[in-house]
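Taking it in order: structure first as structure tokens, then the write-up.
Just so it is clear, the model here is predicted, and its values are computed rather than measured. Sequence lines set the chain letters: A, B, ... in the order given, protein chains first and strands last, and positions in each chain run from 1.
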Amino acid sequence: MSEATTDKGRRDFIVVATNTMMAVGAAAVVYPLIDQMNPAADTLALASIEVNIAGITEGQAITVKWRGKPVFIRHRTADEIQTAAAANMDDLRDPQVDGDRVQKPELLVIEGICTHLGCVPLGQKIGEVKGDYNGWFCPCHGSHYDTSGRIRKGPAPTNLGVPPYEFISDSVIKIG
Amino acid sequence: MQMQNFKNPVVNWIDHRLPVFSFMHHELNEYPTPKNLSYLWNLGSLAGFALVMMIATGIILAMHYTPHVDHAFASVERIMRDVNHGWLIRYIHMNGASFFFIVVYIHIFRGLYYGSYKAPRELLWILGVMILLLMMATAFMGYVLPWGQMSFWGATVITNLFSAIPFIGESIVVWLWGGFSVDNPTLSRFFALHYLMPFMIVGVVLLHIIALHRFGSNNPLGIDVSGKQDTIPFHPYYTSKDLFGLVVFLTIFASAVFFYPNFLGHPDNYIPANPLQTPAHIVPEWYFLPFYAILRAIPDKLGGVLFMFGAIAVLFVLPWLDKSPVRSGRFRPIFKVFFWLLFADCILLGYLGAKPAEGIYVVLSRLATAWYFFHFLLVLPVLSLIERTRPLPQSISAPIIGGMAMAGAAAKREKPDA
Ligand code: HEM
Ligand code: FES
């Protein structure tokens, strides 16, 4: 074929079209190979848990396991509720009023996973350090949380998460 | 490559069709090597030895190990107590990782001091940094396998580093875990990758050696080989020197394996993993401590992660930060001082990484981190502009025979007279 009869534009079109289809095909093959690492169906089908809270006396806290992680449930004292509610929003790294983090002020339900790099903060058991704000203290890199589980000091960027939960009765909550 | 004529006819027959013997002769036997290499040049072959040792012991461990959260810890204890010589093989693998890092770190500081990263060895250096990264990933995942407390919490903290990435961070972490926390899917994929990565290291090591043999080794003077009189054949001179170094290494290594096998480890890792309880004081393995100190020095999550990876990233671009045409620190009086300051800084960072993140330790970590980056990003570029270097010898042979080197004189010197 001589140069003159070659239609450059049509040739380019074929090349571009072929390459595009190849890229689409490659992406279609790569996607399942990558996505297989995401949580499998059985991992996603996580049952929720029910927790009896009647036995938690004022000032006491328990830890339950939900989705493989600890959830802190603390029956707060009047004093703790008071300081949590009184916090000045300007002092908070991740401003949130205490009222938005609880359904009943005396019962705080939060994920016990430090939002820095995922350690379990101390402060649940009697005698453990609770940090400068009398809530929780993460020993890994020194994050301090207040009595509402909000980050006050240290490297963690956000407040301890609040898992979805509902009151089934006055003494039982369902998490998840 | 020149074809070799071997005495053995079978070898010759094969070599004619598949020139592996010529290749080996060329690269490992006659391979011309600068004659002034010090013992610091032993560390490369030692690292190669350590890699082979890790693969051999690792494959044996894999024959007895069970990658499941309910069985992993017990299977490692079974290796320690019931499997014939299992304790020995596991202790070699466990301490082998530490010694591999010791060797590689010395190897890297050797390169830093003698300017081995400078032209024309930039790619050789970059391949080396890639090996370091792969080693870190491999060792990190290996440490998760015994599923002790440190395994679990180390895995949690390190995978969570990726959650610092804006927007997609959380999804990446869930993807890495295959769930909502470090759990069985995480353990089994880490095992698969821990098996794979050492072989990827082997691949990069081969490229590293191809790049090395293109221009040959650097040397303590940092000047180019000027001719045959500056080199000696690799075999028997450096094969025997490397073997001697290996014996010394193995003596020290065996003392650790037999007498202090848990010295570098952490007792908490003999407690089975408990997802509800973080140990009061979590520390990574010693070889990660300097990087861990940098991570904690920055009071911001994303910032800490960026600086930590940045500490390695600066090594990748080092050949373009230090532009001084003189390679060896021997002829760079100011550089030499800063080199030792950097060395001390890295040791200090390692020390701080093992300390709790509070009080004076935080302040010191910040200063040491600042110094690390100051060294690479400011000191080196500025020094390459203003430093007055000492005069370089004319050739590798010259300093030995008194500066008046001539090719003939140097060659003569190779046979000791009398
Ligand atoms: C670059 C080379 C390698 C490095 C740096 C490395 C590092 C490590 C480390 C640090 C551990 C934890 C040891 C402990 O504390 O118990 C480990 C465990 C393990 N490694 Fe490797 N490894 C390497 C190669 C391999 C290879 C090639 C295999 C082959 C499958 C392997 C299989 C295992 C197994 C089964 C364990 C769990 C048993 C145990 O914890 O002792 N490793 N590795
Ligand atoms: S994980 Fe809690 S401070 Fe780092």
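Across all non-hydrogen atoms, the minimal contact from Ala280(B) to Pro139(A) is O-CB, 3.3 Å. Closest approach of Cys140(A) and Thr278(B) over heavy atoms only: SG-CG2, 3.7 Å. Nearest heavy atom pair, residue Pro275(B) against residue Val120(A), reads O-CG2, 3.9 Å. Residues Leu276(B) and Lys65(A) share a closest heavy-atom pair of CD2-CG, 4.0 Å. Heavy-atom minimum distance, Ser181(B) versus Lys69(A): CB-CG, 4.0 Å.
Interface with chain B: from residues 91-106 of chain A, no residue qualifies, criterion being any non-hydrogen pair under 4.5 Å. Heavy-atom proximity under 4.5 angstrom to chain A picks out Trp153(B), Thr156(B), Val157(B), Asn160(B), Leu161(B), Ser163(B) from residues 145-164 of chain B.
For the atom pair Trp175(B) CH2 and Asp35(A) CG, the distance stands at 10.0 Å (nearest 0.5 Å). To the nearest 0.5 angstrom, Leu117(A) atom CG is 11.0 Å from Arg296(B) atom CZ.
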Take Lys125(A) and Gln277(B) through the side chain to side chain contact (heavy atoms under 4.5 Å, CB included) test and state the conclusion after the steps. CA-CA 11 Å; Lys125(A) 293 200 193 101; Gln277(B) 172 91 55; 3.1 Å; yes
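Looking at Ile113(A), there are no atoms closer than 4.5 Å to chain B (heavy atoms on both sides), in backbone or side chain. Using a 4.5 Å cut-off between heavy atoms, Lys153(A) does not touch chain B at all. With a 4.5 angstrom heavy-atom cutoff, Tyr361(B) does not touch chain A via any of its atoms.
Put simply, of Asn38(A), Val129(A), Thr43(A), the one with the most heavy-atom pairs under 4.5 Å next to chain B is Asn38(A). Each of Pro155(A), Gly118(A), Cys138(A), Gly142(A) has some count of heavy-atom pairs under 4.5 Å with chain B, and the biggest count is that of Gly118(A).
Without hydrogens or angle criteria, Lys301(B) side chain to His116(A) main chain gives a donor-acceptor distance under 3.5 Å.
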